[in-house]
Asker: 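Sharing a structure with you now.
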Amino acid sequence: FAFTDIEPGGETDDSLAMAFFMLMSNLFDVEGLVASKDGTTTFPEQIETIVDLYETDYPNLITYDRNYPVPEELRRVIRGGSPTVFDPNQALTLETISPGARLLIEQAHQDDTRPLNVWLWGGATEVAQAIQFDPTIIPKIRVYMNGSPDLYNDTNIDPEARDFLFSQAQTNGLYFAEFRDQGNPDDTAYPFGLSAVGFTEQFIDGRGALGTFAATKLKVPATGFFGKKAKGLDFSDGVTYLYFLRGDYNNPLVSHWGG
């Protein structure tokens with residue numbers, strides 16, 4: 001269940017994380033794709049645009065794995081987020097919480113013994129709303145947040161909501177993991193002696209609609225967290241799902257992709 005601060009002209013890693021997640025969606029049961037923007041206007045239509053690209057590639061993708069979800073299944077779980085910041089003192093109703101928060105509550109209460117893994121690539125307002133309105137979801141979810149560079153001293157990402165989640169972890173048993181931002185790889189991180197641009201041209205550009213879309217983002221300097229710029233795989237929002245692809249995700253003390 002992903003919450004993304006994707007927006008038109010926004011940070012490169014927002015759209016790249018969603019595009020690459022489409023290519024890995026065969027490995028997950030996708031329960032929600034919510035546009036979240038720490039209390040400002042959200043843009044679910046940007047998620048829909050990337051799902052449209054996925055739909056173009058879908059006939060080819062299922063020749064590799066029949067577990068790729070039907071595009072319409074993804075569209076059914078796209079929602080918008082809250083246009084206002086989280087207020088821990090506000091009395092909430094089912095009508096006043098955001099569509100994204102309502103979907104999270106609904107999916108958390110499904111008859112499924114597995115925890116619902118919730119990935120925060122941006123704002124945390126919707127998850128905070130859902131927990132404040134219905135705290136019975138706490139034992140049913142695990143929250144993974146792509147956090148700030150200084151885990152302990154810098155909580156400027158949706159601070160009221162993030163602090164609320166942290167307090168719920170301390171007092172009510174919420175599973176809450178926060179990733180530090182470790183920056184982007186330099187050219188030495190790419191295989192076969194290729195530069196970031198060379199890797200993009202050889203392995204990504206022209207590989208379907210999603211590859212072409214990603215290449216247009218990867219070939220230009222990317223505006224990332226706190227305005228830093230880099231060429232190449234600006235992929236910081238992807239750490240939350242890469243974490244599940246290597247190592248035991250139930251044990252954060254062992255090695256994983258993504259942290």
Side-chain angles (χ1 to χ4, degrees), residues 1-25 28 30-57 69 71-87 95-107 118-130 143-148 156-162 181 209-218 220-229 234-241:
F1 198 118
F3 291 85
T4 170
D5 56 353
I6 193 170
E7 62 180 333
E11 295 176 357
T12 306
D13 64 314
D14 300 335
S15 52
L16 285 180
M18 185 59 68
F20 284 118
F21 177 63
M22 293 292 104
L23 298 176
M24 303 176 194
S25 60
F28 299 94
V30 183
E31 305 286 351
L33 299 170
V34 176
S36 171
K37 194 61 183 166
D38 54 27
T40 57
T41 302
T42 63
F43 299 92
E45 64 273 15
Q46 295 298 115
I47 303 175
E48 293 170 358
T49 296
I50 294 178
V51 172
D52 289 344
L53 298 174
Y54 170 79
E55 184 173 38
T56 299
D57 292 343
E72 198 54 41
E73 293 178 1
L74 299 177
R75 292 192 180 98
R76 280 198 293 266
V77 295
I78 295 174
R79 297 289 190 278
S82 173
T84 58
V85 296
F86 175 71
D87 180 356
E95 289 71 34
T96 58
I97 63 175
S98 69
R102 288 196 294 271
L103 180 63
L104 176 59
I105 292 170
E106 176 185 331
Q107 301 291 50
V118 179
W119 304 332
L120 304 184
W121 304 348
T125 288
E126 289 73 28
V127 180
Q129 282 185 344
V143 180
Y144 299 84
M145 184 172 187
N146 184 26
S148 56
N156 65 353
I157 303 176
D158 207 356
E160 291 285 354
R162 184 267 182 198
D181 178 46
L210 287 168
T212 300
F213 168 80
T216 63
K217 301 288 185 179
L218 292 168
V220 298
T223 301
F225 199 62
F226 292 142
K228 67 183 180 199
K229 294 182 181 294
D234 183 8
F235 203 59
S236 59
D237 275 353
V239 298
T240 51
Y241 57 81

Asker: Measuring from atom CG of Leu33 to atom CH2 of Trp119, what distance do you get when rounded to the nearest 0.5 angstrom?
Answerer: 9.5 Å

Asker: Could you check whether any side-chain N or O of Ser36 sits under 3.5 Å from a backbone N or O of Gly123, counting only pairs where one atom can act as donor and the other as acceptor?
Answerer: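 Flag set: sc Ser36 to bb Gly123 pair under 3.5 Å.
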
Asker: Go through Met22 and Val51 one step at a time and tell me if the side-chain contact (heavy atoms from CB on, under 4.5 Å) criterion holds.
Answerer: CA-CA 8 Å; Met22 293 292 104; Val51 172; 4.2 Å; yes

Asker: Run the numbers on Val34 and Phe1 for side-chain contact (heavy atoms from CB on, under 4.5 Å), then give the verdict.
Answerer: CA-CA 8 Å; Val34 176; Phe1 198 118; 3.6 Å; yes

Asker: Who passes side chain to side chain donor-acceptor pair (under 3.5 Å) against Ser25, sequence neighbours left out?
Answerer: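 Ser25 satisfies side chain to side chain donor-acceptor pair (under 3.5 Å) with no other residue.
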
Asker: Ignoring hydrogens and angles, tell me if any N or O in the side chain of Asp57 forms a donor-acceptor pair with the backbone of Ala209 under 3.5 Å.
Answerer: yes

Asker: Apply side-chain contact (heavy atoms from CB on, under 4.5 Å) to Thr49 and list each qualifying residue two or more places apart in sequence or on a separate chain.
Answerer: none

Asker: Just wondering, do Leu210 and Ile50 contact through their side chains at under 4.5 Å, heavy atoms?
Answerer: yes

Asker: Looking at Gln129 and Ala101, would you say the former's side chain and the latter's main chain have a donor-acceptor pair under 3.5 Å?
Answerer: no

Asker: With a 3.5 Å distance limit and no angle check, can you tell me whether Arg102 reaches the backbone of Ile97 through a side-chain donor-acceptor pair?
Answerer: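 It does hold such a pair.
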
Asker: Hey, mind stepping through Gln46 and Met18 against side-chain contact (heavy atoms from CB on, under 4.5 Å) and telling me if it holds?
Answerer: CA-CA 10 Å; Gln46 295 298 115; Met18 185 59 68; over 6 Å; no

Asker: Got a second to check how far Phe3's CZ is from Thr125's OG1, nearest 0.5 Å?
Answerer: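 Separation between the atoms: 10.0 Å.
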
Asker: When rounded to the nearest 0.5 angstrom, what distance separates CE in Met145 from OG1 in Thr240?
Answerer: 11.0 Å

Asker: Using ring centroids (six-membered ring only for Trp), state whether Tyr241 and Phe20 fall under 6.0 Å.
Answerer: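 Here the rings of Tyr241 and Phe20 have centres that are no less than 6.0 Å from each other.
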
Asker: Between Glu126 and Arg79, does any side-chain N to carboxylate O distance fall below 4.0 Å?
Answerer: no

Asker: Minimum heavy-atom separation for Tyr54 to Pro69, with atom names?
Answerer: OH-O, 2.6 Å

Asker: So Phe43 and Lys37, side-chain contact (heavy atoms from CB on, under 4.5 Å) or not? Walk me through it.
Answerer: CA-CA 8 Å; Phe43 299 92; Lys37 194 61 183 166; 5.6 Å; no

